[in-house]
Amino acid sequence: DMGGHDTYMHKEIHEQADAVDRALRGRIDDRFSTVHLGGLNLDARDARAVRRVKILGCGTSYHAGQIGAQMIEELARIPADAEPASEFRYRNPVVDPDTLYIAVSQSGETYDVLAAVQELKRKGARVLGLVNVVGSAIARETDGGIYVHAGPEVCVVSTKCFTNMVVSFGLLALHLGRTRDLSVADGKRIIEGLRKLPGQIEEILANEAQIEELAKEYAEAKSMMFIGRVRGYPVAREASLKLKEVSYIHAEAYPASELKHGPLALIEPAMPTVAIVPDDELLEKNRAALEEIKARSGRILAVAHREQEKADHTIVVPKNEDELDAILMGIPLQLFAYYTAKAMGRDIDKPRNLAKSVTVE
Ligand code: M6R
């Protein structure tokens, strides 16, 4: 039942405020400015013994893991990174007992992720799951974990589950941070930020008409560039994947800082750039990148916390805490991908060549 929406993608994009609310419900502990994650199976002593975090997933879940790794580094100061599960399992990885491994998956059935989990378990590693489907294979094979509570996701293209994965990583990062050196005041600040998310998601979705107009305009492009820096980079990668999957427009994502090392050669009026420009300590650096693009007559669509004068268009999103901004900045670009695909008459819920869960190698 699509409840009045024309596609599951559209419905699921619009379910995100409720989905995030569900992910937060019953987990926040105001007394100690932390969160409780029931199924984690990691006591404070275990949590403090973690020397490194390695996150594994595929596609959108891998991108959620990249944001998660940054949140864990920022809030808990534990070195963390994400890697495609498929790459990890084929390179005979060094498995280290002090590393906490986290397998991320919407379906909980993705074969490459499951195989990575099984290989890790065989080598004695501690593996947690960050999964949507309750009781799925990855949920069963991990030592504990977090259910992301996005609810059923039908569209092949992941939207609400991505958002809930990133929120769940925010909860985990806060929890790990508060077992270490994150102060009560910072814990409070992050909790306040988390609580603002559902309302801010509604604000972003209320801006749908502007995004639809922009999508119609940009749908003529043969190729698009997505750029972001640090927190914005995984957002750019996910937005680029979304556009490719549903519209079949070629898109690439680059760190804004890498433009001058090659991809700037591609910039010309027919190759628009979507730039993620948060109001954080890198704002001026990002503005400089916009200038470089403008100097080559590139068209720019910015997703930012305020109007960007170097950009041709800006989608303004509400500001949260710096560490949590990545959760919100991709949401307008889900709608952008949706409306681009719609303008092109694509089969939005079932893009060609793709399946909802990839249970083969
Ligand atoms: O079920 P999973 O989260 O493990 O699936 C991983 C990827 O196959 C999935 O995210 C894929 O990239 C989607 N089509 C993204 O929209």
Side-chain angles (χ1 to χ4, degrees), residues 7-13 15-16 19 23 55-69 82-89 101-118 120 127-142 145-169 226 234-249 251-253 330-331 333-338 340-341 346-361:
T7 53
Y8 280 103
M9 184 178 185
H10 193 260
K11 175 173 184 260
E12 288 160 4
I13 289 172
E15 284 170 345
Q16 293 181 103
I55 300 168
L56 302 165
C58 296
T60 288
S61 299
Y62 160 55
H63 295 152
Q66 287 192 303
I67 299 177
E83 185 179 339
S86 45
E87 286 289 289
F88 178 82
R89 60 182 280 250
Y101 293 88
I102 305 177
V104 194
S105 177
Q106 187 288 126
S107 60
E109 306 290 343
T110 300
Y111 186 77
D112 280 323
V113 184
L114 184 60
V117 169
Q118 289 167 339
L120 282 165
V127 193
L128 299 181
L130 201 132
V131 171
N132 192 39
V133 177
V134 176
S136 55
I138 294 165
R140 291 196 310 269
E141 296 242 5
T142 41
I146 307 175
Y147 280 122
V148 306
H149 295 310
E153 194 179 63
V154 177
C155 179
V156 166
V157 171
S158 182
T159 53
K160 66 171 176 171
C161 192
F162 171 78
T163 300
N164 268 38
M165 282 172 174
V166 182
V167 169
S168 302
F169 272 118
F226 286 76
V235 175
R237 293 189 68 180
E238 173 57 12
S240 145
L241 175 64
K242 256 350 33 129
L243 185 73
K244 286 190 265 259
E245 285 187 286
V246 278
S247 74
Y248 317 147
I249 293 178
E252 300 207 39
I331 293 177
L333 296 173
Q334 297 172 346
L335 282 173
F336 181 76
Y338 164 82
T340 305
R346 303 303 193 205
D347 188 357
I348 293 178
D349 282 338
K350 287 195 171 60
R352 67 186 183 202
N353 310 341
L354 301 178
K356 183 64 179 161
S357 58
V358 185
T359 52
V360 291
E361 264 184 272

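Both backbone and side-chain heavy atoms feed into the values below; hydrogens, waters and symmetry mates do not. The shown structure was predicted, so the numbers you read here are calculated from the model rather than taken from an experiment. We count ligands from 1, going down the list as the structure has it; atoms in each ligand are counted the same way.
Less than 4.0 angstrom separates some heavy atom of Ser61 from each of these atoms of ligand 1: 2 (P), 3 (O), 10 (O). Within the listing of ligand 1, atoms 1 (O), 2 (P), 4 (O) sit less than 4.0 angstrom from a heavy atom of Ser107. Residue Ser158 has at least one heavy-atom neighbour below 4.0 Å for each of these atoms of ligand 1: 15 (C), 16 (O). Every atom of ligand 1 is numbered from 1 in the order shown, and the set under 4.0 Å from a heavy atom of Gln106 is 1 (O), 2 (P), 3 (O), 4 (O). Below 4.0 Å from some heavy atom of Lys242 lie the following atoms of ligand 1, by number and element: 15 (C), 16 (O). When each atom of ligand 1 is checked for a heavy atom of Gly59 under 4.0 Å away, the hits are 12 (O).
In terms of heavy-atom proximity, Arg89 sits nearest to Ala116 at CD-N, 4.1 Å. The nearest pair of heavy atoms linking Arg237 to Tyr62 is NH1-OH, 3.4 Å. Closest non-hydrogen pair, Ile55 versus Gly68, comes out as CD1-C, 4.0 Å.
Looking at Val157 and Met9, their side chains come closer than 4.5 Å, going by heavy atoms from C-beta outward.
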### Task
Under the side-chain contact (heavy atoms from CB on, under 4.5 Å) rule, what do Ile67 and Phe169 come out as? Steps first, then yes or no, please.
CA-CA 8 Å; Ile67 299 177; Phe169 272 118; over 6 Å; no
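Residue-ligand proximity: Glu109 is placed with every non-hydrogen atom at 4.0 Å or more from ligand 1. The closest approach between Leu354 and ligand 1 stays at or above 4.0 Å for every heavy atom of the residue. The shortest separation from a heavy atom of Val113 to ligand 1 is not under 4.0 Å, leaving the residue out of contact. Using a 4.0 Å cutoff on heavy atoms, Ser357 does not count as a contact of ligand 1.
Distance check: Thr159 OG1 to Tyr338 OH gives 11.5 Å after rounding to the nearest 0.5 Å.
When only non-hydrogen protein atoms are considered, atom 5 (O) of ligand 1 lies nearest to Thr110 OG1, 3.4 Å. The nearest heavy-atom contact from the protein to atom 8 (O) of ligand 1 is Val358 CG2, 4.2 Å. Of the protein's heavy atoms, Cys58 O, 3.3 Å lies nearest to atom 6 (C) of ligand 1. Remark: minimum distance from atom 14 (N) of ligand 1 to any protein heavy atom is reached at Glu245 OE2, 2.5 Å.
Using a 3.5 Å distance cut-off with no hydrogens or angles, the side chains of Thr60 and Glu238 do pair a donor with an acceptor. Between the side chains of Gln16 and Thr163, at least one donor N or O lies within less than 3.5 Å of an accepting N or O.
Inclusion of Lys356 in the set of residues having an N or O under 3.5 Å from an N or O of ligand 1 is not warranted. For the pair Met165 and ligand 1, the shortest N or O to N or O distance does not fall below 3.5 Å.
Considering Lys160, Glu153, His149, Gln106 in turn, Gln106 is the only one that fulfils the side-chain hydrogen bond (donor to acceptor under 3.5 Å, both in side chains) rule with Asn132.
Listed for the Ser107 side chain is a donor-acceptor partner under 3.5 Å among the backbone atoms of Glu109.
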